[in-house]
Amino acid sequence: MSFVKRAGLSLLARRGRTLILLALFAVICTLVLGGFLVQRAAESAAEGAKQRVGTEATLQWDMEKAFAKGGFGGTLPDNARLGSAAADRLGRSELVTSHNYTLESGTVPVSAKPVAGVAPPAGLPAEMREDRMLPLLGVRDSTRLRDFRDGHFTLLSGRGIGAEDRDRDAVLVEERFAATNALSVGSRVTLGSAEGKNPREFEVVGVYRDPARSPETWAAPQMEPGNKLIVPLDAIGRLDPSERLDGGMRINEATYLLRDPSTLDRFRKQAEAAGLDLDVFKLDVNDKQYRQLVGPIQNVAAFATGTVWLVGLAGAAVIGLLIALWTRERRRELGVLLAVGERRWRLVAQQIVEVSVVAVLALGAAAAAAQAIAPGVADALVSREVADVPPPVPQQPGRATTEQAPAVAPIDRLNIDLRTRDLRNVALVGLAIVLATVVVPTGRIVRMQPRAILTKGE
Amino acid sequence: MVLEIDTVSHSYPGRRNKPRWVLKKASHTFEAGTFTSILGPSGSGKTTLLSLASGLDTPSEGTIRYRGEDLRGIGLSRYRRRHAATVFQSYNLLTYMTAIQNVRTAMDITGIRGGRKHALEWLERVGIPADEARRNVLQLSGGQQQRVAIARALACDVDILLADEPTGNLDTETADQIIDIFRELAHERGTCVIVVTHSHHLARRSDRALTLSKGRIV
């Protein structure tokens, strides 16, 4: 009779003990498997969130740094100014999903009049009264502007400005400007430089809405939200050639959406390789969106990891103690087998088989139980974490377009599904428990002298 | 000469770890085909001598040889598995098994083929019929359990059979049957049978009787 058959007979003969061990193992396996499922679901959701929002790195010219480094008086050398050519070189990095840049400038309309909410007060100096300068924002891709991304600005008609508009004189106008000048998609409007020179005819490619209200008192046209015009960056260069730089355009800042927040250091090196002096430009990372999205699930994942370890270790300890006690009770049986000549490894193997059979049955039960229980537990945990997240601060009207990443709702659901990998992981944990709990009492068996058990020792 | 006890002494830790010698320079040679009984009062070292001869322990001093080879060289576990089987006074059966499963377990460990049929033959030979053989050993009487223990040892087909008070729990008739089996094993199969006993009846029916007194063979 092989030790495997002996193990089977022992399990059947000691049904009560087998059932206790089975129940204990099933509970431990269910908790560990549940932990693995939640952990993997959280990892998967975090990965998805990473793909969805990425991490935004912002490259900006830092005036203080530039002057401190250059020590020049008033005129900046080209390498101390941020240019679209270098920004594009960096944008081609494999670490970058997409990039954008902006330049805030001004324009004087030739064939249009500014939106004016309140009439200028009497006594306002003539130069202020006659100020027609409008805010002009040069972009590579208007859809990547945070105001559009987070839904603060809404495109009412037409389309946004894209990289393909680089050589076109296209303009995106606010609905109040469009209404004031009877403009719609396809209309044409003539704009000049901030000095009123180089007038060029622009085609209205889209009309958007900025919910920011017009000032309630008179303000210069630059301050009126409805006057903001968005054009391709290079169009500003056509209006004002002095804004050209290094075969491209001067820009205020460039934003890069990184695939993975952990690649920031590599990205920083690539920025330097692209000719951007990071002693002059500052590179900030804003992974607030990503953190907002995944914060609660990372907490849940950490909890799940803790649970796996705690339950695994506590379970191993409890099962270990039980098996040690039961092995102690079976000393005589082991002594008999040793006296008959049984090999010690086969005694150990019998023990391992007995516990493994129970563990495998428990794993089967746990697979069914964990799949049923884990989604509810995960949702409850995530909901609790989400409830602890403070609500996003409402956006302030008139804030800078590229100031902060838009607020996002955190992930509040985890997609739990059981995979072979999870079962394999739990099986490995179970195997570790079985080996640890059987090997300890085995030390006693190996040292055991059959005579000490079976004879009186005269 | 199948088994040789050569100036064997054995001690157990006594008070303050001082060795308590229970066997003192014992020497004897056991031949194949001989049924030997060992007599002696309690504490004379009979069971210790049997344990050492069974390979359940190693002597503190001296050597035990199987066919001229030191048991330590053979390996005690291997010696027990291949050459010597022991019948214990307290049966030492596996209580979660039937009688036949107990016998088959020993056969498996010692590598004896023949399976169920072989096991049943030995059980029937010691007076356990097939229907009793299928019962859990705890459902058998003490005498039946002793017979199962004897059948387990006999089924292993070894050169040396050692038994500690094998008939102590048996009625006279069954005890005689067991003694007959021991004699038959020794005389017809050439097995070296060594039995520790208090029974002078058994000693009289053995080929040789040794007496132990205060750890010495006298």
Side-chain angles (χ1 to χ4, degrees), chain A residues 1-21 323 325-351 353-355 357-358 442 444-458, chain B residues 10 12 20 22-23 40 42-52 54-58 75-86 88-98 100-111 115-116 119 136 138 149 152-153 156 158 164 212 215:
Chain A
M1 181 177 300
S2 72
F3 66 87
V4 176
K5 194 169 178 189
R6 227 162 48 214
L9 285 173
S10 172
L11 285 173
L12 284 174
R14 300 174 170 113
R15 286 182 204 89
R17 191 174 293 185
T18 304
L19 285 174
I20 290 172
L21 194 60
I323 291 176
L325 281 173
W326 292 342
T327 306
R328 191 181 166 84
E329 285 176 19
R330 293 175 69 177
R331 283 183 72 212
R332 190 164 196 86
E333 172 196 342
L334 299 171
V336 170
L337 289 165
L338 278 174
V340 176
E342 182 60 301
R343 293 171 178 87
R344 291 175 200 276
W345 73 262
R346 300 217 320 176
L347 291 178
V348 178
Q350 181 186 339
Q351 295 262 344
V353 168
E354 286 184 27
V355 185
V357 165
V358 173
T442 298
R444 229 178 275 135
I445 298 166
V446 170
R447 289 197 304 270
M448 205 180 281
Q449 287 292 343
R451 181 207 57 77
I453 306 163
L454 302 175
T455 64
K456 290 176 283 187
E458 288 178 38
Chain B
H10 196 68
Y12 295 110
R20 185 170 61 86
V22 292
L23 207 57
S42 295
S44 60
K46 302 188 299 293
T47 301
T48 298
L49 181 63
L50 193 83
S51 298
L52 298 174
S54 305
L56 297 175
D57 205 353
T58 48
L76 295 188
S77 178
R78 186 184 170 89
Y79 170 70
R80 293 194 300 267
R81 196 162 51 245
R82 297 279 169 85
H83 308 299
T86 309
F88 301 95
Q89 188 177 11
S90 51
Y91 326 137
N92 287 329
L93 297 172
L94 299 172
T95 53
Y96 59 88
M97 292 184 182
T98 63
I100 195 164
Q101 284 168 344
N102 265 277
V103 176
R104 290 192 66 188
T105 294
M107 287 167 58
D108 168 62
I109 291 169
T110 53
R116 188 179 179 81
N136 180 282
L138 292 178
R152 182 177 65 183
C156 293
V158 288
D164 189 2
L212 267 174

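Excluded from the calculations below are hydrogen atoms, water molecules and symmetry mates; all remaining heavy atoms, backbone and side chain alike, are included. Residue numbering restarts at 1 for every chain, and letters A, B, ... go by the order of the sequence lines.
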Atom [atom1] in [X], atom [atom2] in [Y]: separation rounded to 0.5 Å?
| X | Y | atom1 | atom2 | answer |
| --- | --- | --- | --- | --- |
| B:Met97 | A:Leu9 | CE | CG | 5.5 Å |
| B:Asn92 | A:Leu337 | CG | CG | 10.5 Å |
| B:Tyr96 | A:Arg6 | OH | CZ | 6.0 Å |

Practice task
Could you look at B:Ala106 and say if it's the side chain, the backbone, both or neither that has a heavy atom under 4.5 Å from chain A?
Solution key: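 The answer is both parts of B:Ala106.
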Report yes if some heavy atom in the side chain of [X] is under 4.5 Å from a heavy atom in the side chain of [Y]; otherwise report no.
| X | Y | value |
| --- | --- | --- |
| B:Leu94 | A:Arg332 | no |
| B:Leu50 | A:Arg451 | no |
| B:Thr86 | A:Val340 | no |

Problem - Under 4.5 Å from a heavy atom of chain B, the part of A:Arg343 involved - result: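 Both backbone and side chain.
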Exercise for the section: Please determine, among B:Arg152, B:Arg80, B:Arg82, the option with the most heavy-atom pairs under 4.5 Å with chain A. Expected result: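 Looking at each option in turn, the highest pair count goes to B:Arg80.
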Problem - Heavy-atom pair with the smallest gap, counting every atom of A:Gly341 and B:Ile109 - result: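 Scanning both residues completely, I find the closest heavy atoms to be C-CG2, 3.4 Å.
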Exercise for the section: Take A:Arg346 and B:Asp108 through the side-chain contact (heavy atoms from CB on, under 4.5 Å) test and state the conclusion after the steps. Expected result: CA-CA 12 Å; A:Arg346 300 217 320 176; B:Asp108 168 62; 2.9 Å; yes
